[in-house]
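First the proteins, then the strands, lettered A, B, ... as listed; each starts at 1. Everything numeric here is computed off the predicted structure, so don't read it as measured data.
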Amino acid sequence: MIQIIAIITTLVFLVLVIDFIRRGLLKEKYAVLWLGFIVVIAILAIWKNLLDMIAMRVGIAYSPSLLFLVAFIFILLILLHYSVVISVLTDRNKRLAQEITIIKSRLEETIGKDSQPK
Amino acid sequence: MQPQTEKKVLIIIPAYNEEVSIGAVIDDVRKAMPTATVLVVDDGSSDNTSAVARKHGAKLLAHTFNMGIGATVQTGYKYALLHNYDIAVQVDADGQHPPAQIKELIKPIIEGRANVVIGSRFLGQGDYKPSLARGVGIAIFSKIVSIILREEITDTTSGFRAVDKEALKFLEGCYPDDYPEVEALVLLHKKRFAIMEVPVTMAERQGGKSSITTGKSAYYMIKVLLAIMVDLIKKV
């Protein structure tokens with residue numbers, strides 16, 4: 001049962017990600033992470049023996065737990081990736097705001113000088 | 001000493017909702033430093049800080065939204081570099097920093113003895129008395145920063161400081177956001193800039209209140225210490 005749920009969920013995810021890429025809502029750069037995640041989860045969900053084998057090797061009694069573990073690690077990685085992206089964006093946002101501040105004051109000075117001689 | 005007119009000096013006054021005190025600060029600074037340019041950087045104030053600054057004849061840069069003290073000072077540094085200033089002096093808008101002593105602050109830079117000069121409340125004749133909690137925090141920062149810099153720094157959180165063009169070029173690109181006064185010292189040291197302290201006497205605040213209340217001191221300290229640790233491993 002859990003296998004079927006896992007397969008269906010992965011399929012829904014795959015369709016969603018592809019649709020988001022198609023509609024331009026998801027940049028390819030970020031889509032790669034998601035597609036990789038989906039592929040790994042799909043392989044583990046479909047090829048149940050592989051899952052059982054790895055689970056036994058690493059000492060997990062209930063093999064679907066391994067599926068969750070893999071998913072959990074992937075989600076952590078994606079979150080970490082987002083923190084990096086947000087930090088970069090924050091810095092760029094700050095620099096843009098600072099440049100706008102300086103340009104704004106320049107503009108006000110120029111406009112002020114232009115309107116004076118009238 | 002060389003005449004000061006040789007160096008272009010920019011006085012940066014970062015301000016956030018300081019309409020009460022900023023007018024007097026600008027007047028005092030202009031009186032004390034007639035040849036310098038006074039620049040107010042308004043960090044998205046909701047009061048009349050910008051209007052008051054303009055009325056008192058300061059140059060004005062106004063952030064569209066609030067970005068914090070670090071980004072505000074950095075905007076001033078960017079302006080200083082763009083307009084080719086030799087020295088940038090930071091003066092708080094609450095009237096705590098004595099404009100008459102800006103001359104003492106920039107003297108070591110003009111004489112080529114330092115890249116960065118900090119006005120310290122604890123060197124020499126100062127009569128500044130911090131609260132107990134803050135006093136302890138200040139002492140701990142001073143110890144830690146002094147160890148890192150291998151040079152005694154008594155007032156690491158003082159915002160009354162002057163930087164030369166070389167330091168400007170460095171800080172323009174990587175001025176810290178969170179606790180800029182302390183953190184900048186660590187970064188500047190990593191780049192081997194010459195940092196110096198001169199004694200200043202600071203007045204009581206004319207308006208506004210410190211961004212650090214006694215109750216938050218301990219929490220503030222831990223955050224600054226963490227920021228310093230991060231700065232130490234940061235690539236500069």
Original post:
Is the number of heavy atoms from other residues, nucleotides or ligands under 6.0 Å of B/K234 NZ greater than 12?
Top reply: yes

Subject >> Side chain / backbone / both / neither for B/D42 at chain A, heavy atoms under 4.5 Å >> reply: neither

Original post:
Do other residues, nucleotides or ligands put more than 12 heavy atoms under 6.0 Å from the CZ atom of A/F13?
Top reply: no

Original post:
Which one of B/L82, B/V41, B/T64, B/D177 has the most heavy-atom pairs closer than 4.5 Å to chain A?
Top reply: B/D177

For a quick test of your reading: what N or O donor-acceptor pairs under 3.5 Å do the side chains of residues 69-76 of chain B make, sequence neighbours left out?
{"from": "B/T72", "atom 1": "OG1", "to": "B/D43", "atom 2": "OD2", "distance (Å)": "3.2"}
{"from": "B/T72", "atom 1": "OG1", "to": "B/G68", "atom 2": "O", "distance (Å)": "2.6"}
{"from": "B/Q74", "atom 1": "OE1", "to": "A/K94", "atom 2": "NZ", "distance (Å)": "3.0"}
{"from": "B/Q74", "atom 1": "OE1", "to": "A/Q98", "atom 2": "NE2", "distance (Å)": "3.1"}
{"from": "B/Q74", "atom 1": "NE2", "to": "B/E172", "atom 2": "O", "distance (Å)": "2.9"}
{"from": "B/T75", "atom 1": "OG1", "to": "A/Q98", "atom 2": "NE2", "distance (Å)": "3.3"}
{"from": "B/T75", "atom 1": "OG1", "to": "B/H63", "atom 2": "NE2", "distance (Å)": "2.7"}
{"from": "B/T75", "atom 1": "OG1", "to": "B/A71", "atom 2": "O", "distance (Å)": "2.9"}

Subject >> Atom group of B/L61 that falls short of 4.5 Å from chain A, counting heavy atoms >> reply: both

**OP:** Work out which heavy atom in B/A62 is nearest to a heavy atom in A/K104; give both atom names and the distance.
**Re:** O-NZ, 3.0 Å

Original post:
So how far is it from A/I102 CD1 to B/H83 NE2, rounded to the nearest 0.5 Å?
Top reply: 8.0 Å

**OP:** Answer yes or no: is there an ion pair linking A/E109 with B/K59, defined by an N-O contact shorter than 4.0 Å?
**Re:** yes

Original post:
When rounded to the nearest 0.5 angstrom, what distance separates CG in A/N93 from CZ in B/F65?
Top reply: 4.5 Å

Original post:
Measuring heavy-atom distances to chain A, does B/Y77 have an atom under 4.5 Å in its side chain, in its backbone, in both, or in neither?
Top reply: neither

Subject >> Over 12 non-hydrogen atoms of neighbours within 6.0 angstrom of CZ in A/F68 >> reply: no

